[in-house]
There are 2 protein chains.
Amino acid sequence: MAEVDIKTTTRDHIIAAADELIYQQGFSKTSFAHIAEKISISRGNFYYHFKNKDQILDAVIHFRMAKTHTTLQQWEALNSTPHERITCYINVLITHQKDILRFGCAMSNLSNELSRLDHLAKGNSAMLFVLYRTWLRRQFALLGGKQMADKHALHLIVQWQGIATLANALNDPNLLTQETAKLHQWLQSL
Amino acid sequence: MAEVDIKTTTRDHIIAAADELIYQQGFSKTSFAHIAEKISISRGNFYYHFKNKDQILDAVIHFRMAKTHTTLQQWEALNSTPHERITCYINVLITHQKDILRFGCAMSNLSNELSRLDHLAKGNSAMLFVLYRTWLRRQFALLGGKQMADKHALHLIVQWQGIATLANALNDPNLLTQETAKLHQWLQSL
DNA sequence: GTCTATATAATGATAGAC
DNA sequence: GTCTATCATTATATAGAC
């Protein structure tokens with residue numbers, strides 16, 4: 001029943017490389033040439049695996065959804081209390097601090113870019129937030145009742161995004177650690 | 001002594017148009033062709049007023065700094081209490097809600113793009129945040145003492161950015177009004 | 001499945017007429 | 001000061017050989 005021997009195809013390589021480059025450079029600036037160079041294929045090869053650039057974007061968003069889903073499941077499996085699980089979410093600000101300081105948050109960056117482009121995939125990219133929100137809501141419900149669960153979930157994501165955004169803007173790792181500590185205190189106080 | 005008859009030159013037109021387009025589309029996607037069309041000049045004309053695209057960016061950042069400086073002075077001149085002045089800052093989330101939902105925050109968007117591009121002007125764009133932070137710190141110091149002033153200023157900017165980011169991502173005006181109401185409550189409680 | 005070659009459009013930038 | 005014409009580069013995308 002275990003999942004074994006899942007082949008890593010060229011299509012998967014394209015998606016993984018595009019995922020990283022879209023995070024680092026944005027969707028518009030991520031070119032076929034750059035992805036091709038990164039994984040050593042030719043530009044023409046893309047159109048065997050994808051109809052156009054937008055379909056790569058769709059695949060990347062789908063890939064991110066799956067990745068996030070797996071991460072949330074792991075946080076849940078490895079931690080028995082909702083307090084510990086929510087702590088995992090908060091700590092991403094620390095474990096990924098180098099990337100956040102340089103590139104910001106992958107979710108909000110893409111969502112914002114697609115919003116400004118008036119891109120059809122904007123709604124899909126926003127679903128990543130919904131995934132986190134739903135998961136956090138369930139954890140907060142376990143922690144202290146259903147009434148405030150969604151408010152707490154939303155509030156935490158707002159704080160998380162604000163910290164990531166400002167730390168990136170000011171390129172300030174201390175801001176990251178100090179504001180993250182406040183989040184832990186807030187969680188403790190609930 | 002009053003400032004009268006300041007001519008609006010072509011250079012000013014370019015800067016104003018670039019300011020708006022950079023907000024809406026980002027720096028990379030804002031082309032000379034698009035700016036030229038917006039203000040009805042030719043593409044070749046840019047290079048009489050600016051050496052290259054980066055110099056337009058510098059001028060736009062300088063323009064935004066001046067605009068922000070004026071805004072902060074007005075908030076201060078038109079309101080006698082620090083509480084009212086800080087309220088002005090919070091209320092931008094409401095008065096500019098349409099733009100925020102569609103495009104996000106101009107400051108953090110540019111700062112993030114330049115950070116990811118590893119662009120030299122990144123530091124300059126971050127100075128806009130410093131401008132707000134310094135002004136807010138002074139208002140909070142007037143409000144309740146110097147010890148907590150900078151922490152309050154930073155915390156407010158973090159919240160503001162988080163609200164703008166998430167409202168943009170979820171395209172949710174209700175989130176904007178609800179979280180802004182929380183900010184007002186927080187200010188009241190200080 | 002992967003490649004090379006190419007078509008087409010848009011970009012930042014330059015030269016020079018007026 | 002503003003324009004037209006042009007260049008070099010890069011982008012997405014297509015056609016067809018292997």
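Just so it is clear: chains get the letters A, B, ... in the order the sequence lines come, proteins before strands, and each one is counted from 1. Because the structure is predicted, anything quoted here is derived from the model rather than measured.
- Atom CD1 of B:Ile41 is separated from atom P of D:dT4 by 11 Å (rounded to the nearest Å).
- In this structure, B:Ile90 and B:Leu156 have side chains that are in contact, with non-hydrogen atoms separated by less than 4.5 Å.
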Heavy-atom contacts, protein to nucleotides 11-18 of chain D, under 4.0 Å, summarised as B (base), S (sugar-phosphate only) or - (none) per nt, yield SSBB----
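- Nucleotide C:dG1 holds its P atom 16 Å from the CZ atom of A:Phe46, rounded to whole Å.
- Scanning for salt bridge (Lys or Arg N to Asp or Glu O under 4.0 Å) contacts around B:Asp54 gives an empty result, with sequence neighbours left out.
- Residues forming a side-chain contact (heavy atoms from CB on, under 4.5 Å) with B:Gln97 (at least two apart in sequence, or on another chain): B:Ile94, B:Leu101, B:Pro173, B:Leu176.
- Ring centroids of B:Phe32 and B:Phe50 are separated by 6.0 Å or more, keeping the two rings apart.
- A salt bridge links B:Glu76 to B:Arg138: one of the charged nitrogens lies within less than 4.0 Å of a carboxylate oxygen.
- Annotated stems with DNA chain C as a participant read C:1-7 with D:12-18, C:9-18 with D:1-10, given as range with range, by first number; only runs of 3 or more Watson-Crick or G-U pairs under 3.5 Å qualify.
- Contact annotation: B:Asn45 reaches the phosphate of D:dC3 (side-chain N/O to OP1 or OP2, under 4.0 Å).
- Applying the salt bridge (Lys or Arg N to Asp or Glu O under 4.0 Å) rule to A:Lys182 yields the partners A:Glu179; only residues at least two apart in sequence or on another chain are considered.
- Separating the CD atom of B:Gln55 from the P atom of C:dA13 is a distance of 10 Å, rounded to the nearest angstrom.
- The OH atom of B:Tyr48 sits 6 Å away from the C1' atom of D:dG1 (whole-angstrom rounding).
- Annotation: salt bridge (Lys or Arg N to Asp or Glu O under 4.0 Å) contacts of A:Arg137 (sequence neighbours excluded): A:Asp150.
- Distance, B:Phe50 CZ to D:dG1 P: 13 Å, rounded to whole Å.
- Side-chain N/O atoms of B:Thr10 include none lying less than 4.0 angstrom from OP1 or OP2 on D:dG1.
- When every heavy atom of B:Ile35 is checked against every heavy atom of B:Ala18, the shortest pair comes out as CD1-CB, 3.9 Å.
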